[in-house]
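One is the number of the first residue; the rest follow in order along the sequence.
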Amino acid sequence: MLEILRSYNTGTDYPTCAAASAHFQAQKSRRRQGNLMPATAFCVGRDKTIPRLAWICEAQDGQYAFTIGPGVDSGDAFIVEGVWDGPFAERGFAASDHFYGSGALVDGRGVVFAPPRLCTDYLYVLQDKQARKAYVSNSFCFIFKRAGIRPEGEFFARFRGCLHATTAAESRLGADRGSPLICEDASLAMFRMMYHNFRIAEDGGIRHDMRVPLDPGASDFSAYRAYLLAKVAALTVNGAAAERNTPALPITMLSTGYDSSAVSAVCAQAGVRDAITLDVTTTGHYDCGAEIAASLGLNCIRVESPGGRVVPDLNIRLPRDVAGIHEFLASPGLGDNVVFANMEPYLSGRIVFSGLYGDGCWAREGNGSGLAHHLPYMKSRNEFRLRVGYSLAPMPAFGAYFPCMLQQIGAHPSMKPYALGGFYDRPIARRLAEEAGVPRELFGQRKAANNFNILNHMDFFTKAVETVMERYR
């Protein structure tokens with residue numbers, strides 16, 4: 001077992017890593033057996049009063065009944081919110097390794113549900129064991145509202161006590177090894193589904209529908225950059241498809257850090273024209289990316305941080321219940337994504353390219369296979385995203401399911417001019433940005449952060465969930 005785990009996280013080639021991945025996936029699949037629920041009916045109703053991208057499915061006795069928000073696309077036996085690297089008309093999101101959103105469709109085996117291809121964003125499933133029924137949604141608040149689970153009840157208390165710890169632990173393990181179970185009792189079970197497709201069983205439980213991601217086939221830096229450019233182009237074309245309810249236009253997040261600078265450089269080369277940045281000085285460091293945007297020819301939107309233009313300390317304790325941030329606290333995260341609240345007017349109807357996963361994929365020592373996510377942050381944007389209506393596409397995660405490719409590229413002698421040494425050193429990101437025209441001194445000089453660490457976020461979790469539940473019906 002230790003040898004398999006070593007191959008999984010540090011294997012030097014795709015076949016070795018893929019074999020280890022298949023091993024862990026098989027182990028996970030064996031834990032839950034049983035017949036799949038057939039698809040005798042797939043019904044979709046649209047509710048214009050709920051958040052734009054929210055949806056829920058109630059599955060029982062072969063009947064799959066969906067309620068979708070006004071921004072969710074639907075058609076003959078499918079629903080989807082988000083973008084992927086293929087033609088929209090072909091509905092290939094469930095087969096894509098680069099799907100940033102969520103959805104469901106009918107195939108030859110029944111109904112398959114597709115979560116985001118990340119370990120920071122999820123679909124949720126509530127199994128009602130007695131009714132042999134499942135609720136599937138991209139919002140656990142929507143599930144609680146529809147299933148009649150109240151915040152003062154015993155099951156919610158169990159969920160509250162498990163959600164954050166299990167999410168942190170399982171996202172660190174990654175998509176292949178992380179357990180989906182959040183909590184359960186004799187009547188109910190709640191699951192958090194990340195990355196891999198799944199189906200509903202006859203008893204309302206889950207059955208994984210797992211697959212090993214394809215080999216990106218990028219053997220050197222030039223091939224890797226071409227791969228990133230192709231993915232940005234494909235996602236952008238998908239977002240602009242005429243068949244969509246509302247086209248999604250690209251925008252890139254930008255700061256003075258390594259990851260967002262590299263992401264913005266690739267986006268600019270791929271034809272993206274807009275960037276957005278926080279105009280803020282955090283713990284003494286001015287982190288606005290406007291100069292970088294200018295060097296790339298990007299139109300830069302400057303937005304003030306919710307903490308003001310100068311933030312002396314990211315560790316904060318809320319003095320009282322603040323209604324405006326409930327949607328960030330009603331999450332498996334720390335509420336830290338409230339830092340993006342003032343960007344709302346510019347994110348609606350967008351594909352947001354970001355540097356999320358840069359720490360795990362572009363750093364010299366990554367987080368291992370399965371897109372494992374080791375940081376506690378960046379898991380609290382979901383309800384904000386569903387309401388505002390945008391897709392998040394983290395470029396460092398593209399083709400990075402296994403670390404072997406990026407580790408080999410980063411360690412190649414040709415990357416030495418872009419390796420500055422020290423803890424904060426990312427040769428791949430630096431080369432992507434510098435060769436696109438970003439001056440060396442403008443980025444990657446200091447490890448900075450803008451996300452708040454809300455020390456008492458759990459004090460307001462129950463009230464936050466109760467408030468967000470009122471968005472749904």
Side-chain angles (χ1 to χ4, degrees), residues 221 225 228-229 232 236 249-314 337 339-347 350-359 361-363 377-378 390 392-396 415 417-452:
F221 176 82
R225 177 168 52 196
L228 296 179
L229 287 166
V232 172
T236 301
L249 303 176
I251 191 170
T252 178
M253 292 276 194
L254 186 53
S255 69
T256 62
Y258 268 122
D259 306 322
S260 65
S261 298
V263 168
S264 296
V266 175
C267 283
Q269 290 175 308
V272 176
R273 296 274 61 90
D274 295 328
I276 190 165
T277 186
L278 289 173
D279 193 357
V280 63
T281 298
T282 305
T283 61
H285 175 70
Y286 186 52
D287 203 32
C288 177
E291 282 191 80
I292 297 169
S295 70
L296 293 169
L298 292 169
N299 169 49
C300 188
I301 303 166
R302 300 190 190 199
V303 176
E304 184 175 318
S305 167
R309 293 194 179 278
V310 178
V311 179
D313 189 354
L314 291 171
N337 289 123
V339 71
F340 301 122
N342 291 346
M343 294 184 177
E344 177 178 336
Y346 311 103
L347 299 185
R350 293 283 197 165
I351 307 166
V352 180
F353 290 98
S354 85
L356 173 65
Y357 269 99
D359 287 288
C361 298
W362 283 345
Y377 308 107
M378 300 302 290
Y390 68 91
L392 182 77
M395 187 183 296
M415 302 300 291
Y418 305 95
L420 305 187
F423 165 74
Y424 190 44
D425 188 21
R426 300 182 184 176
I428 291 176
R430 179 161 291 284
R431 186 171 178 182
L432 286 170
E434 288 190 8
E435 290 195 350
V438 181
R440 173 165 290 199
E441 66 274 10
L442 290 186
F443 74 103
Q445 300 299 318
R446 170 181 166 177
K447 176 66 172 172
N450 289 308
N451 286 33
F452 296 104

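Looking at Arg350, its side chain does come within 3.5 Å of a backbone N or O of Pro250 through a donor-acceptor pair. Within the 3.5 Å criterion, the main-chain N or O of Leu420 finds a donor-acceptor partner in the side chain of Asp425. Between the side chain of Asn342 and the main chain of Val303, no donor-acceptor pair closer than 3.5 Å is present. Between the Ser260 side chain and the Ser255 main chain, a donor and an acceptor come within less than 3.5 Å of each other.
Counting heavy atoms from C-beta on, the side chains of Phe353 and Met253 never come closer than 4.5 Å. Contact annotation: the side chain of Leu254 never approaches that of Ile276 to less than 4.5 Å [non-hydrogen atoms, C-beta and beyond]. A 4.5 Å side-chain heavy-atom check between Val272 and Ile251 finds every atom pair outside the cut-off. In this structure, Phe443 and Val438 have side chains that are in contact, with non-hydrogen atoms separated by less than 4.5 Å. The closest side-chain heavy-atom distance from Arg302 to Cys288 is below 4.5 Å. Two residues are said to be in side-chain contact when any heavy atoms from C-beta on lie closer than 4.5 Å; Tyr286 and Thr256 fail this criterion. Using a 4.5 Å heavy-atom threshold, the side chains of Asp287 and Leu278 count as separate. Put simply, the side chain of Met343 does not reach to within 4.5 Å of the side chain of Val352, judged on heavy atoms.
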For this session: Apply the test side chain to side chain contact (heavy atoms under 4.5 Å, CB included) to residues Leu228 and Leu432: give CA-CA distance (whole Å), side-chain angles for both, the deciding distance (0.1 Å), then the verdict.
Result: CA-CA 10 Å; Leu228 296 179; Leu432 286 170; 4.0 Å; yes
Problem set entry | Check against side chain to side chain contact (heavy atoms under 4.5 Å, CB included), Val311 and Val280 | CA-CA 7 Å; Val311 179; Val280 63; 3.8 Å; yes
For this session: Could you check Thr281 against Arg309 for side chain to side chain contact (heavy atoms under 4.5 Å, CB included), going step by step and ending with a plain yes or no?
Result: CA-CA 6 Å; Thr281 298; Arg309 293 194 179 278; over 6 Å; no
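Taking the salt bridge (Lys or Arg N to Asp or Glu O under 4.0 Å) definition, one finds that Asp359 meets it with Arg426, Lys447, sequence neighbours left out. Evaluation of the side chain to side chain contact (heavy atoms under 4.5 Å, CB included) rule for Cys300 yields Thr277, Ala290, Ala293 as partners, not counting sequence neighbours. Remark: Arg273 engages no residue in a salt bridge (Lys or Arg N to Asp or Glu O under 4.0 Å) (not counting sequence neighbours). The side chain to side chain contact (heavy atoms under 4.5 Å, CB included) check on Pro396 picks up Val263, Tyr357, Cys361, Trp362, with sequence neighbours excluded.
Here the CG-OG1 distance, from Asp313 to Thr283, works out to 8.5 Å after rounding to the nearest 0.5 Å. Here CG of Leu356 is found 5.0 Å from CE of Met378. Values are rounded to the nearest 0.5 Å. Atom-to-atom distance recorded for Phe221:CZ and Arg431:CZ is 5.0 Å, nearest 0.5 angstrom. Of the inter-residue distances, the one linking Phe340 atom CZ with Tyr390 atom OH reads 7.5 Å to the nearest 0.5 angstrom.
Test Leu314, Thr282, Asn337 against Asn451 for side chain to side chain contact (heavy atoms under 4.5 Å, CB included) and you get one pass: Asn337.
The shortest heavy-atom contact between Met395 and Cys267 is CE-SG, 3.9 Å.
The stretch residues 261-270 participates, sequence neighbours left out, in these side-chain hydrogen bond (donor to acceptor under 3.5 Å, both in side chains) pairs: Thr252-Ser264. Applying the side-chain hydrogen bond (donor to acceptor under 3.5 Å, both in side chains) test to residues at least two apart or on different chains, the pairs with a partner in residues 290-301 are Asp274-Asn299.
Cation-pi geometry between Arg430 and Tyr258 is not satisfied (NZ or CZ under 6.0 Å from the ring centre, within 45° of the ring normal).
Defined by atom type and a distance below 3.5 Å, a donor-acceptor pair is missing between the side-chain atoms of Tyr424 and Gln445.
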